[in-house]
Amino acid sequence: MLNSNKKMLGVIFPNSYDALVPELVNVRMMASIPFASRYRLIDFLLSSMTNCGIDNVSILANNNYHSLMDHLESGREWDLVRKNGGLHIFPPFAEKSAKPYTSWVGGLASILGFLRSQKEKYVILANSNVVINFDFKAMLEAHIESGADISMAYNEQELPDSVFKNLSNDKGYYYTFGLDGSRITKLYVNPREKGIQKLCMNIVMIDRELLINLVDEASIHGQEFLIRDVILSQLNKLNVQGYKYDDYVAHISDLKSYFDENMRLLDDHNLDALFSKFPVYTKIRDDTPTRYIEGSKVNNVMVADGCVIEGEVENSIIFRGVKIAKGAKVKNCILMQETVVESGADIEYLITDKIVTISAGKEIKGTDTFPVYIAKRQTV
């Protein structure tokens, strides 16, 4: 995987949108939410960076970071074990002067000393609530060619339904753009317009020295959000370019969108769109192949390794080590690692967290508009 790119430094914010999925982040952060049978959300962004030669990546954790540290460890699976650069995980209070933060400015202010000591010219800032297989080299080329001070990635889509259900701003901010050519001339904060919008993906490319200056100034003035408070106020002063992303992207904005985006991958077209461009890496778990016992019935599923399936499974995402007993029926479900579905259980539109047991004979059914969630280590 050796493919070094000394021009770019990656910075990932793993907690930024935790409030969108309170059920799933009770024991973890957004970045470490399981996705697509064997991955975590951060795997896609981190793999995109390393595939483009970004070998200096920092993760600014705020809370609930044990699961993420256990998953990433030294960064070996992403080829980030390096003498220079590599993977840096900054937990809260990583430096003596650090304060609790909930935004990009606060997080970046806590590592300004680190940023000043780095050699890369450009910094990639990104949240981990999007599932992408992104070409950062192409974005860098567009950024340089346009002469931009800042480039912001966006895709064109309708706003998620969760936007219209959440009437307050307490779950974070999202942005849409107005463009003149490719230059961003309007930046809308939490808009509610219907129809196709230029939705910000919270992936920002910026000159490292400019970023340091902006964060310094923002901290002095008590500003918290880099896009809302800093970039928006300087659209006329800075050359801020939009970078249109036309490939596969999934925005995780609530539990329903998490369910739907997993289920989209049961369509081969979507699966190829996400995984065919560059490889996606994750923590290796040496396990036996999944065993399908005689008499089992399986149709349209994504199944990881280490599972034992004796019952019936249809239209479902099955993570590592799941056991589905004889006589059990599973349909339209997401079963995370080590879930056990006992004999005679009948479940539909269900999301189980890790190490959940569905007892024998139980019938649990949600709907396509309201999937049922069962928390980690629960027995139902």
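FYI, the numbering just counts along the sequence from 1.
- Formation of a donor-acceptor pair under 3.5 Å by the Thr290 side chain with backbone atoms of Ala304 is found in this model.
- Between Cys52 and Lys137 the shortest heavy-atom distance is O-CE, 3.4 Å.
- In this structure, the side chains of Val204 and Ile124 stay at 4.5 Å or more apart for every pair of heavy atoms.
- With 3.5 Å as the limit, one finds no donor-acceptor pair spanning the side chains of Glu314 and Asn332.
- Nearest heavy atoms, Leu80 versus Ile54: CD2-O, 4.0 Å.
- Salt bridge Lys198/Glu156: present, at least one basic N to carboxylate O contact under 4.0 Å.
- One distance of note links CZ of Phe319 with CE of Met336; it measures 5.5 Å at 0.5 Å rounding.
- Cluster note: Ile324 groups with Tyr292, Val298, Val301, Val303, Ile309, Val313, Ile318, Val322, Val330, Leu335, Val341, Ile347, Leu350, Val356, Ile358, Ile364, Val372, Ile374, Val380 through ILVMFWY side-chain heavy atoms spaced under 4.5 Å, whether in direct contact or through intervening members.
- Asn127 contributes no side-chain N or O that, together with a main-chain N or O of Ser16, makes up a donor-acceptor pair within less than 3.5 Å.
- The minimum heavy-atom distance linking Gln241 with Ala148 is given by the pair CG-CB, 3.4 Å.
- Aromatic ring pairs are classed by plane angle as parallel below 30°, tilted from 30° to 60° and perpendicular above 60°; the pair Phe136 and Phe134 is tilted.
- At least one donor-acceptor pair closer than 3.5 Å links the side chain of Asn64 to the backbone N or O of Arg28.
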Item to complete: Apply side chain to side chain contact (heavy atoms under 4.5 Å, CB included) to the pair Arg264 and Tyr248, showing each step before the final yes or no.
Response: CA-CA 11 Å; Arg264 280 179 67 193; Tyr248 188 95; 3.2 Å; yes

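- A donor-acceptor pair is defined here as one N or O able to donate and one able to accept, closer than 3.5 Å; no such pair exists between the side chain of Asp149 and the backbone of Leu238.
- Using a cut-off of 4.0 Å between Lys/Arg side-chain N and Asp/Glu carboxylate O, Arg285 and Glu338 are scored as salt-bridged.
- Listed for the Tyr174 side chain is no donor-acceptor partner under 3.5 Å among the backbone atoms of Leu159.
- Within the model, atoms OG of Ser103 and CZ of Phe225 stand 5.0 Å from one another, a figure rounded to the nearest 0.5 Å.
- A donor atom on one side chain and an acceptor atom on the other are found under 3.5 Å apart for Asn51 and Tyr281.
- In terms of hydrophobic clustering, with Ile, Leu, Val, Met, Phe, Trp and Tyr side chains grouped at heavy-atom distances under 4.5 Å, Met263 and Met302 are assigned to a common cluster.
- Phe370 pairs by the ring-ring contact (aromatic ring centres under 6.0 Å, His included) definition with nothing, not counting sequence neighbours.
- Using modelled atom types, one finds no donor on one side chain facing an acceptor on the other under 3.5 Å when comparing Asp135 with Tyr245.
- Rounding to the nearest 0.5 angstrom, the gap separating the CD1 atom in Ile89 from the CD1 atom in Ile12 is 10.0 Å.
- Expressed to the nearest 0.5 Å, how far CG of Leu274 lies from CD1 of Ile132 amounts to 9.5 Å.
- Placement of Phe114 and Leu210 within a single hydrophobic cluster is found when ILVMFWY residues are connected by side-chain heavy-atom separations under 4.5 Å, directly or transitively.
- Under the 6.0 Å cut-off for aromatic ring centres, Trp104 and Phe13 qualify, their centroids lying closer than that.
- The number of heavy-atom neighbours closer than 6.0 Å to NZ of Lys329, taken from other residues, nucleotides and ligands shown, is 12 or below.
- A salt bridge does not link Arg76 with Asp79: every distance from a Lys NZ or Arg NE/NH1/NH2 to an Asp or Glu carboxylate oxygen is 4.0 Å or more.
- Remark: the backbone N or O of Asn62 is paired with a side-chain donor or acceptor of Asn15 at under 3.5 angstrom.
- Residues Ile334 and Leu271 share a single hydrophobic cluster, defined by chaining ILVMFWY side chains whose heavy atoms lie under 4.5 Å apart.
- Side chains of Asp43 and Thr282: a donor-acceptor N/O pair is present below 3.5 angstrom, by distance only.
- Residue pairs meeting the side-chain hydrogen bond (donor to acceptor under 3.5 Å, both in side chains) criterion with at least one partner in residues 222-238, sequence neighbours excluded, are Tyr173-Arg228.
- Leu68 has its side chain out of reach of Arg40: every pair of non-hydrogen atoms, C-beta onward, lies at least 4.5 Å apart.
- The closest donor-acceptor contact from the side chain of Asn270 to the backbone of Leu266 lies at 3.5 Å or more, if one exists at all.
- Residue His71 holds its NE2 atom at 9.5 Å from CD of Glu73, rounded to the nearest 0.5 Å.
- Two residues are said to be in side-chain contact when any heavy atoms from C-beta on lie closer than 4.5 Å; Leu41 and Ile252 meet this criterion.
- There is no path of hydrophobic side-chain contacts, each under 4.5 Å, that joins Val308 to Ile355.
- With Arg183 contributing its side chain and Leu179 its backbone, the two residues share no donor-acceptor pair below 3.5 Å.
- Under the 3.5 Å distance criterion, with hydrogens and angles disregarded, no donor-acceptor pair is assigned to the side chains of Asp216 and Asn213.
- Note on residues 296-312: pairs passing side-chain hydrogen bond (donor to acceptor under 3.5 Å, both in side chains), not counting sequence neighbours, are Asn300-Asn315, Asp305-Arg320.
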>> What verdict does the salt bridge (charged side-chain N to carboxylate O under 4.0 Å, His left out) test give for Lys365 and Asp346, after you've listed the backbone C-alpha separation in whole Å, the side-chain angles of each residue and the deciding distance to 0.1 Å?
In response: CA-CA 8 Å; Lys365 295 188 178 183; Asp346 186 359; 3.6 Å; yes

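- Across every non-hydrogen atom of Ser32 and Ser67, the tightest pair is OG-OG, 3.6 Å.
- Cluster note: Val81 groups with no other residue, as no ILVMFWY side-chain heavy atom lies under 4.5 Å from it.
- Judged by distance alone, the side chain of Arg291 and the main-chain N or O of Thr288 form no donor-acceptor pair under 3.5 Å.
- Side-chain rings of Phe275 and Tyr39 approach one another, their centers coming within less than 6.0 Å.
- Formation of a donor-acceptor pair under 3.5 Å by the Ser257 side chain with backbone atoms of Asp254 is found in this model.
- Each of Leu72 and Val27 belongs to its own hydrophobic cluster when Ile, Leu, Val, Met, Phe, Trp and Tyr are linked at side-chain heavy-atom distances under 4.5 angstrom.
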Item checked: Step-by-step ring pair (Phe, Tyr, Trp, His ring centres under 6.0 Å) determination, Tyr243 to His143 -> CA-CA 8 Å; Tyr243 177 75; His143 178 81; 9.9 Å; no

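- Among residues at least two apart or in separate chains, side-chain hydrogen bond (donor to acceptor under 3.5 Å, both in side chains) pairs with a member in residues 369-380 are Asp353-Tyr373, Thr367-Thr369.
- A 4.5 Å side-chain heavy-atom check between Met152 and Tyr175 finds every atom pair outside the cut-off.
- No hydrogens or angles considered: nothing links the side chains of Ser58 and His88 as a donor-acceptor pair under 3.5 Å.
- In this structure, Lys277 NZ and Asn133 CG are separated by 6.0 Å, a value rounded to the nearest 0.5 Å.
- When every heavy atom of Pro160 is checked against every heavy atom of Leu199, the shortest pair comes out as CD-CD2, 4.4 Å.
- Side-chain contact between Tyr154 and Ile203 is absent, with no heavy atoms from C-beta onward closer than 4.5 Å.
- Scanning both residues, Val130 and Met201, for their nearest heavy atoms gives CG1-O, 4.1 Å.
- Looking at heavy atoms from C-beta onward, Asp18 lies in side-chain contact with Asn63 at the 4.5 angstrom threshold.
- Between Arg208 and Gln118, some side-chain heavy-atom pair lies under the 4.5 Å cut-off.
- In this structure, Val25 and Ile33 have side chains that are in contact, with non-hydrogen atoms separated by less than 4.5 Å.
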